[in-house]
Amino acid sequence: MNTTQYRKLPESFYQKSALEIAPKLLGKLFIKKEEEQFLAGKIVEVEAYAGVDDEASHSFGGETKRNSVMFASGGALYVYFIYGNHYCANVVCDRKDVGAAVLIRAVEPISGAETMAHRRFQKSELTAKELINLTNGPGKICKAFNISKRDDGKNLCGEEIFIAEGEKILKNRIARTTRIGIQKSKELPWRFYLKESRFISAK
DNA sequence: ATCAAGATTACCT
DNA sequence: GGTAATCTTGATA
């Protein structure tokens with residue numbers, strides 16, 4: 001097994017609004033190449049964060065040191081640190097200077113689950129419950145994939161972390177709800193997930 | 001210099 | 001169901 005068999009998404013995929021891109025990311029493969037192996041997860045849950053009219057977005061209120069990558073051209077990886085413990089990975093969308101991104105909230109482990117298990121639970125044999133719990137949250141994904149601040153700003157069209165074509169997902173398999181964990185702009189229905197997936201973070 | 005909030009998680013009853 | 005843990009960031013003085 002190697003990563004060359006995967007069809008990496010082109011830069012043009014990311015040059016659209018976060019709201020347009022978010023549902024299209026479902027079913028795609030989030031991949032990270034490491035020394036002796038690669039890790040892969042099927043994206044099953046995402047949330048869109050826009051530049052304007054979205055008070056919950058880090059980019060609302062303009063560019064700062066922390067959120068600057070959100071204003072890069074679509075196709076960058078935006079990683080932030082939150083609650084003193086966790087990193088969250090986002091796909092930067094739209095043209096340069098538009099602060100928009102999609103938060104990857106949950107993936108289904110496809111490859112490298114043993115490595116992920118070590119990072120999450122310090123062991124390689126998992127119970128069924130632990131497998132479900134491996135990457136079903138934004139902070140859990142970053143822990144499992146070993147993604148941190150050093151990855152902030154990396155190009156998703158590069159060799160290390162990228163997204164590839166996956167399963168074709170029809171509209172009737174996608175659920176749309178309000179976003180999780182935010183205090184402002186709560187009413188916007190900008191969370192998308194695969195209805196049948198057991199690997200989402202919440203119903 | 002100080003302070004409050006935060007796109008979460010794990011653990012408790 | 002609820003909440004403590006944990007610390008960076010950005011705003012204010």
Side-chain angles (χ1 to χ4, degrees), chain A residues 14 17-23 25-26 30 41 43-72 74 76-94 98-109 116-123 126-154 156 161 163 175-194 198-203:
Chain A
Y14 303 102
S17 73
L19 204 50
E20 196 175 340
I21 291 172
L25 281 172
L26 296 176
F30 184 68
I43 299 173
V44 298
E45 178 183 345
V46 296
E47 283 175 0
Y49 287 85
V52 288
D53 300 331
D54 181 6
E55 290 192 80
S57 175
H58 288 172
S59 60
F60 188 83
E63 189 170 343
T64 65
K65 192 174 178 183
R66 178 205 203 195
N67 67 21
S68 69
V69 171
M70 280 190 84
F71 293 83
L77 179 71
Y78 169 50
V79 180
Y80 63 84
F81 184 67
I82 193 75
Y83 294 121
N85 269 315
H86 314 288
Y87 293 99
C88 294
N90 302 254
V91 175
V92 175
C93 302
D94 224 308
V98 177
V102 174
L103 171 68
I104 302 179
R105 283 198 59 90
V107 305
E108 173 180 340
M116 298 182 200
H118 269 288
R119 291 173 181 163
R120 289 268 297 125
F121 306 114
Q122 295 79 45
K123 58 180 183 175
L126 297 183
T127 63
K129 201 174 175 184
E130 285 168 331
L131 178 64
I132 293 293
N133 197 21
L134 195 57
T135 52
N136 61 345
K140 299 174 188 178
I141 294 171
C142 287
K143 182 88 176 178
F145 279 71
N146 192 24
I147 287 172
S148 72
K149 210 61 184 144
R150 88 184 95 78
D151 300 304
D152 188 34
K154 282 192 176 157
L156 287 171
I161 304 175
I163 298 174
R176 182 173 183 171
T177 71
T178 54
R179 297 171 294 181
I180 292 177
I182 54 171
Q183 303 306 316
K184 297 174 240 170
S185 296
K186 279 179 169 177
E187 70 289 352
L188 300 176
W190 289 2
R191 169 174 179 249
F192 302 87
Y193 65 87
L194 282 185
R198 291 144 55 234
F199 295 89
I200 58 174
S201 68
K203 274 288 178 195

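Residue numbers begin at 1 in each chain, while the letters A, B, ... track the order of the sequences.
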- Message: At under 4.0 Å between heavy atoms, how does the protein contact nucleotides 8-13 of chain B? Give one character per nucleotide, 5' to 3', with B, S or -.
- Response: BSS---
- Task: I would like to know whether A/K129 and A/N133 meet side-chain hydrogen bond (donor to acceptor under 3.5 Å, both in side chains); could you show each step before the answer?
- Result: CA-CA 6 Å; A/K129 201 174 175 184; A/N133 197 21; over 6 Å; no
- Which distance, rounded to the nearest 0.5 Å, do you find between the CG of A/D152 and the OH of A/Y87? 10.5 Å
- Message: For the CD1 atom of A/I180 and the CZ atom of A/R105, what is their distance to the nearest 0.5 Å?
- Response: 4.0 Å
- Would you mind pulling out the nucleotide paired to C/dT8, Watson-Crick or G-U wobble, both distances under 3.5 Å? B/dA5
- Query: Going by the angle between their ring planes, with limits at 30° and 60°, are A/F145 and A/F30 parallel, tilted or perpendicular?
  - Reply: tilted
- Measure from NZ on A/K186 to P on B/dG6 and round the result to the nearest Å. 10 Å
- Message: Can you tell me which residue among A/S201, A/P109, A/C142 is in a side-chain contact (heavy atoms from CB on, under 4.5 Å) with A/T135?
- Response: A/P109
- Item | Touch class at under 4.0 angstrom, heavy-atom based, for A/R179 against every strand present | nothing
- Evaluation steps, side chain to side chain contact (heavy atoms under 4.5 Å, CB included), between A/N67 and A/F60: CA-CA 10 Å; A/N67 67 21; A/F60 188 83; over 6 Å; no
- Query: Could you give the NZ-to-C1' distance, from A/K184 to B/dG6, as a whole number of Å?
  - Reply: 9 Å
- A/D54 to A/W190 - nearest heavy-atom pair and separation: OD2-CZ3, 3.5 Å
- Query: Taking A/E45 as the fixed residue, which of A/R191, A/R176, A/R179, A/R198 is the one that meets the salt bridge (charged side-chain N to carboxylate O under 4.0 Å, His left out) rule?
  - Reply: A/R191
- Query: If you walk 5' to 3' along DNA chain C, what is the first nucleotide with an atom under 4.0 Å of a heavy atom in chain A, and what is the last?
  - Reply: C/dT6 to C/dG10
